[in-house]
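Numbering starts at 1 and runs along the sequence shown. Because the structure is a prediction, the values reported are computed rather than measured.
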Amino acid sequence: MSCVHPTKPQPLQVYISHGRLVQCSDSGISAVPINVPADTVKLRLEKTLISRVPRAAFYNLSELRFLWLTYNSITSIHPSSFVNLKALRELRLDGNLLTSFPWEGLRDMPRLQTLGLHNNRLSSLPAHASLFLPNITYLDLSSNRLTILPAELLDLWFPLPGQQGGPVQRRILGLHDNPWLCDCQISMVMSLSMSLGSPVVLMDQLLICSRSLGQSGMLLSQAELSRCMRPSVQPAATRVISPLGSNVILRCDATGYPTPTLTWIKTSLRLITFYVPVMQESPRVGVRWSIISMNGLSYKDAGEYRCQARNMAGISEAPIKLKVVGVTRISRLPKKSQKTPSKSSSKYRKPNQTTATINTSSVKENQILKNVTPPSINKTQSAPNLVSKVFPVDKRRKMN
């Protein structure tokens, strides 16, 4: 469909220093136009009757950097509506009728930094949205119907020390004009955003919240909120060395409000193992400790164990490295009794004579003894006389 209403003049097309600007604000347009020039850098479709954004609606506009779809009647956006917009820097959808937004569609806009969703009908912000918002430095969610913020967004906007790979990224957030519930998440956003050097700046710090849905709101700064605190984990030892076959106990303590829950995790060979604590107890509000026990340690028990604490304000964890040392003892089998060869046989053995040859000669000697019938002898006869009768002695040796 043409960007121009048949009875209206041509849309505004202006060449700017870095490309073409196209603006359409015709109340008679009900679909996204398909005849926008391919070299357009900025496209503004405002105050039209467009109700949906179809799949690959801007596929031919690969040079587009600014896309404004403001104050229309858009109720749905296909997850693949923004395919091929790899150069897009700014997307504004203010003043529409959106009840949900396809967050996964942000993958098709890797350079996007500004996302405006002001004045829509968004009632929830899913946890998986945090996966697609790392590059967004300006996010306007004001004037919607949001009530809670997922903890995953707090981890994205307020990373713990050491979790931020590079320099701290500054973000501008618009959260005002929403019926927030007075919980830890929104309280954390308020307190952290007002701290010195905060990575987040709120457009308007006068947020309104209520104890439950349907109740009249109050300014968050005046609400009697419980103090929320992200968990802090302290292991009893960060490195444990234990002998093979011994028993070992690993322990960690956590503090935070609300009282955090503790989980034990071990990652090895891309396998994640969850360990059930032998004992886990909360001696008082805001404190919890947990232990796991391992009996008869083997080498496969060695590795890194992580104690993870979680509450409404966030997640934190601490590693414990377990090293198993020692050598497995192998019981020796009793040796078989072997006859020790006589000195006389070893004395006349040839150097290269093998055991097999010796055994063969002894067998032949036994056969000769069996074939010869010994003469009758009385009990007092000595063994040498018997041998001399069976094997005659050389007369020459006898004369000597």
Side-chain angles (χ1 to χ4, degrees), residues 126-131 134 148-166 168 183-189 191-192 195 198-199 226-326:
H128 73 268
S130 61
L131 301 175
I148 60 173
L149 283 174
E152 288 78 3
L153 284 175
L154 270 70
D155 292 332
L156 173 65
W157 294 337
F158 304 98
L160 291 173
Q163 290 185 351
Q164 186 77 17
V168 177
D183 62 3
C184 284
Q185 278 86 346
I186 198 66
S187 177
M188 281 285 291
V189 170
S191 60
L192 292 175
S195 62
S198 171
S226 299
R227 183 182 178 185
C228 302
M229 183 172 63
R230 186 189 296 268
S232 175
V233 183
Q234 182 63 45
T238 58
R239 186 176 179 85
V240 177
I241 302 176
S242 188
L244 187 69
S246 63
N247 304 332
V248 70
I249 292 177
L250 303 181
R251 168 171 175 156
C252 75
D253 298 73
T255 58
Y257 187 83
T259 303
T261 58
L262 293 176
T263 306
W264 289 89
I265 306 172
K266 180 186 179 186
T267 304
S268 59
L269 298 177
R270 298 183 181 179
L271 296 177
I272 300 177
T273 305
F274 293 90
Y275 287 82
V276 179
V278 175
M279 186 177 296
Q280 184 166 254
E281 188 175 327
S282 178
R284 62 182 183 273
V285 175
V287 177
R288 188 181 297 274
W289 59 266
S290 173
I291 62 174
I292 59 173
S293 176
M294 290 175 283
N295 300 327
L297 285 180
S298 63
Y299 289 119
K300 67 179 182 180
D301 295 320
E304 183 177 278
Y305 294 79
R306 289 180 289 132
C307 180
Q308 185 182 91
R310 177 192 294 265
N311 66 5
M312 295 177 66
I315 303 173
S316 62
E317 60 183 29
I320 301 176
K321 292 184 178 180
L322 174 62
K323 183 178 180 180
V324 179
V325 297

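Between the side chain of S290 and the backbone N or O of Q280, no donor-acceptor pair lies under 3.5 Å.
Distance OG1/T255 to CG/N311: 9.5 Å, rounded to 0.5 Å.
Under the salt bridge (charged side-chain N to carboxylate O under 4.0 Å, His left out) criterion, R251 pairs with D253, sequence neighbours left out. Checked against side-chain contact (heavy atoms from CB on, under 4.5 Å), E304 has the following partners two or more places apart in sequence or in another chain: R306, P319, K321. In this structure, the side-chain contact (heavy atoms from CB on, under 4.5 Å) partners of P235, at least two apart in sequence or on a different chain, are T238, C252, A318, I320. For S282, the side-chain contact (heavy atoms from CB on, under 4.5 Å) partners at least two apart in sequence or on another chain are T259, R288. Legend: residues meeting side-chain contact (heavy atoms from CB on, under 4.5 Å) with S130, ordered by chain and number and at least two apart, are E152, L153, L156.
Closest approach of V287 and P283 over heavy atoms only: O-CD, 3.7 Å. A pairwise comparison of heavy atoms in K266 and K300 identifies NZ-O, 3.0 Å as the closest pair. Here the closest heavy-atom approach between residue P260 and residue G286 is recorded as CD-O, 4.4 Å.
You'll find the side chain of F158 reaches within 4.5 Å of the side chain of P199, heavy atoms only. Within the 4.5 Å cutoff, side-chain heavy atoms of Y305 are placed close to those of I292.
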Check your understanding: Stepwise, does the side chain to side chain contact (heavy atoms under 4.5 Å, CB included) test hold for M294 with L250?
Key -> CA-CA 9 Å; M294 290 175 283; L250 303 181; 3.9 Å; yes
Taking distance alone, no hydrogens or angles, what donor-acceptor pairs closer than 3.5 Å link side-chain atoms of residues 240-247 to residues at least two apart or in another chain?
| unit_1 | atom_1 | unit_2 | atom_2 | d |
| --- | --- | --- | --- | --- |
| S242 | OG | S246 | OG | 2.6 |
| S246 | OG | P243 | O | 2.6 |
| N247 | OD1 | G296 | N | 2.9 |

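A salt bridge is defined here as a Lys NZ or Arg NE, NH1 or NH2 lying under 4.0 Å from an Asp or Glu carboxylate O, and D155 with R230 meets this definition.
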